[in-house]
Protein chains: 2
Amino acid sequence: MAGTGTRRKGLRLSRERRVAEIMAAARAVFREKGYDEALLSEIAERAQVVEGNIYRYFDNKRDLLVKVIEDWYETMLADYDQQLSRIHGTRARLNFMIWRHLKTVHDEPSLCQLMFLHLRTWPDYSSTAVHELNREYTRRTLDIVREGIEAGELRDDVPLRLVRDMIYGCVEHRTWAYLRGEGDFDPDKVADDIVDLVLGGLARHGARSEERPDIAERLENAVARLERLSAHPDS
Amino acid sequence: MAGTGTRRKGLRLSRERRVAEIMAAARAVFREKGYDEALLSEIAERAQVVEGNIYRYFDNKRDLLVKVIEDWYETMLADYDQQLSRIHGTRARLNFMIWRHLKTVHDEPSLCQLMFLHLRTWPDYSSTAVHELNREYTRRTLDIVREGIEAGELRDDVPLRLVRDMIYGCVEHRTWAYLRGEGDFDPDKVADDIVDLVLGGLARHGARSEERPDIAERLENAVARLERLSAHPDS
DNA sequence: CAACTTAATGAACTCAATTCATTATTCCGC
DNA sequence: GCGGAATAATGAATTGAGTTCATTAAGTTG
């Protein structure tokens, strides 16, 4: 009982600080264990609080997860626009958006899984702040497409919404195995492949098939990577 | 207590029949309530068994769901090949595959949601029979693409896997809101749109070559971006 | 009809989320 | 400084679900 490293009883923090501590602990536990396996008792222990005290600040376990993801999302999207602003050209900008998403999945698989499988599926997701943030996030992609259409580079007879669904749906399916812990993937390569497929389509539209259009594509992808490098040096 | 419609005690069925009754009840309850909200007590009640008896036939709640979905999947895929065999041409066959998937989601949203959100996400999904059935299911799509490539109709420089991810990912994202109970969609129209986008791509590849930037132009643009990059790295 | 096999019961158990009456700490006006 | 309001924190109790198991009942077989 002489231990000083044990639970210091009666340590009282401001609401703000306590909330921050609980959310930090919760993020760690959720990340390690997933939603169902994450125990409030463990979160409480790591946050140095008693279990019941969490309910002063969060309605329930679910609410805690929502706030954790929300917090993560906000910091993640913070420098997004700035990075994007340095990249020019429809293809390169699309490439960046897709690559960025892939990179996020690659770096934070657990949190992404929580987002995909738990947050997004609950019936009140639409009223969440995360939903709104997510719409912002994907709206940029549609803006790029819209600009491409106005510039005459892209077809104007495709439902915009479907383009978004195709891109993000494709990313998600492509990363599914990785999220399940099976195998790995390379964000750069997958991004290139997806942009190529989305823009070019599967069919051969073939005036001259012997002329390799992919030379230009490969160069453009390379330039996109260079741009990314200057926008986000630690990629 | 004179009721004759109440639980008839001591009614004993063969293993087969009892399993069937429990699965029917489970499917109904899972469909109405989703996984978490579905109570074993309610399943037991509808199946006219006591709760504990379910554990004679199923390891746990999760196992029960797996078997329910498996059962549904099998009947669903039964007449698949036969239908497909009557359809000819790459585009039409792709269209059928996509439309069929959309139709399933449209008709059985709840079961699809269980499949997408619960089965597929659990860590041992890969060892499930449903996983194998699902691979069968999507393999047909890849066969169609492969045949299209061999016939020279489709590009041969696209990762097949990505095509599959794009198609099924797109379908899933497109139907997300519907699965959440928001709005509706038309399987016919969405299938047409998806096939069109997947085959044709987003870019305009005009017959009139003067309307699109040619390779030289695109290279010059790319180089211009590089120049911009080295001139003012944070423009 | 006796022995055996298997279906069914229902109460008990576990374990995690959640609630709440109570206690401790800090803040603030006098 | 000091008394009291506000609020952070406690820990024991409650709830509610899944799961287990010893026991009983029903059918089957020789």
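The chains referred to below are lettered A, B, ... by the order of the sequence lines, with proteins before strands, and numbering in each begins at 1.
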Exercise. Has the side chain of B/R12 got a donor or acceptor atom sitting under 3.5 Å from an opposite partner on the base of C/dT6?
Worked result: yes

Exercise. Charged N to carboxylate O below 4.0 Å: is that the case for A/R86 and A/D81?
Worked result: no

Problem set entry | Separation of C/dT26 P from A/L11 CG (nearest whole Å) | 8 Å

For this session: State whether a side-chain donor-acceptor pair under 3.5 Å links B/D36 with B/H118.
Result: no

For this session: Send over the distance from B/N53 CG to D/dA26 P, rounded to a whole Å.
Result: 14 Å

For this session: For A/E21 and D/dA9, give me the distance from atom CD to atom C1', rounded to whole Å.
Result: 14 Å

Exercise. What is the distance from CG of A/N60 to P of C/dA16, rounded to the nearest Å?
Worked result: 18 Å

Exercise. Hey, is the side chain of A/R15 poking within less than 4.0 Å of OP1 or OP2 on D/dA8, counting only N and O atoms?
Worked result: yes

Exercise. Hey, are B/N60 and B/Y55 close enough side-chain-wise for a donor-acceptor pair under 3.5 Å?
Worked result: no

For this session: When you get a sec, tell me which of C/dT18, C/dA7, D/dA9 is the closest nucleotide to the side chain of B/R56?
Result: C/dA7

Exercise. Want to settle it: does B/E51 or B/S14 sit nearer the 5' end of DNA chain C, counting the closest nucleotide to each?
Worked result: B/S14

Seminar exercise, completed: Ranking B/R18 and A/A38 by the position along DNA chain C of their nearest nucleotide, the one closer to 5' is B/R18

Exercise. Does the side chain of A/E182 come under 3.5 Å of the side chain of B/S126 through a donor N or O and an acceptor N or O?
Worked result: yes

For this session: Please state how far atom CZ in B/F30 lies from atom P in D/dG18, giving the value in whole angstrom units.
Result: 9 Å

Problem set entry | Separation of atom CD1 in A/I54 from atom P in D/dT10, rounded to whole Å | 11 Å

For this session: May I ask you to check whether A/R100 and A/T104 show a side-chain donor-acceptor distance below 3.5 Å?
Result: yes

For this session: Side chain of A/Y57 only, please: which of C/dT19, D/dA26, D/dA9 is the nearest?
Result: D/dA9

Problem set entry | d(OH, B/Y35; P, D/dA17) in whole Å | 14 Å

For this session: Between C/dA17, D/dA9, C/dG10, spot the one nearest the side chain of A/Y55, thanks.
Result: C/dA17

Exercise. Among C/dA17, D/dT19, D/dT10, which is the nearest nucleotide to the side chain of A/L39?
Worked result: C/dA17

Exercise. When we call it a touch if two heavy atoms are under 4.0 Å apart, what does B/A47 touch: a base, just sugar-phosphate, or nothing?
Worked result: nothing

Exercise. NZ of A/K61 versus P of C/dC15: gap in Å, rounded?
Worked result: 15 Å

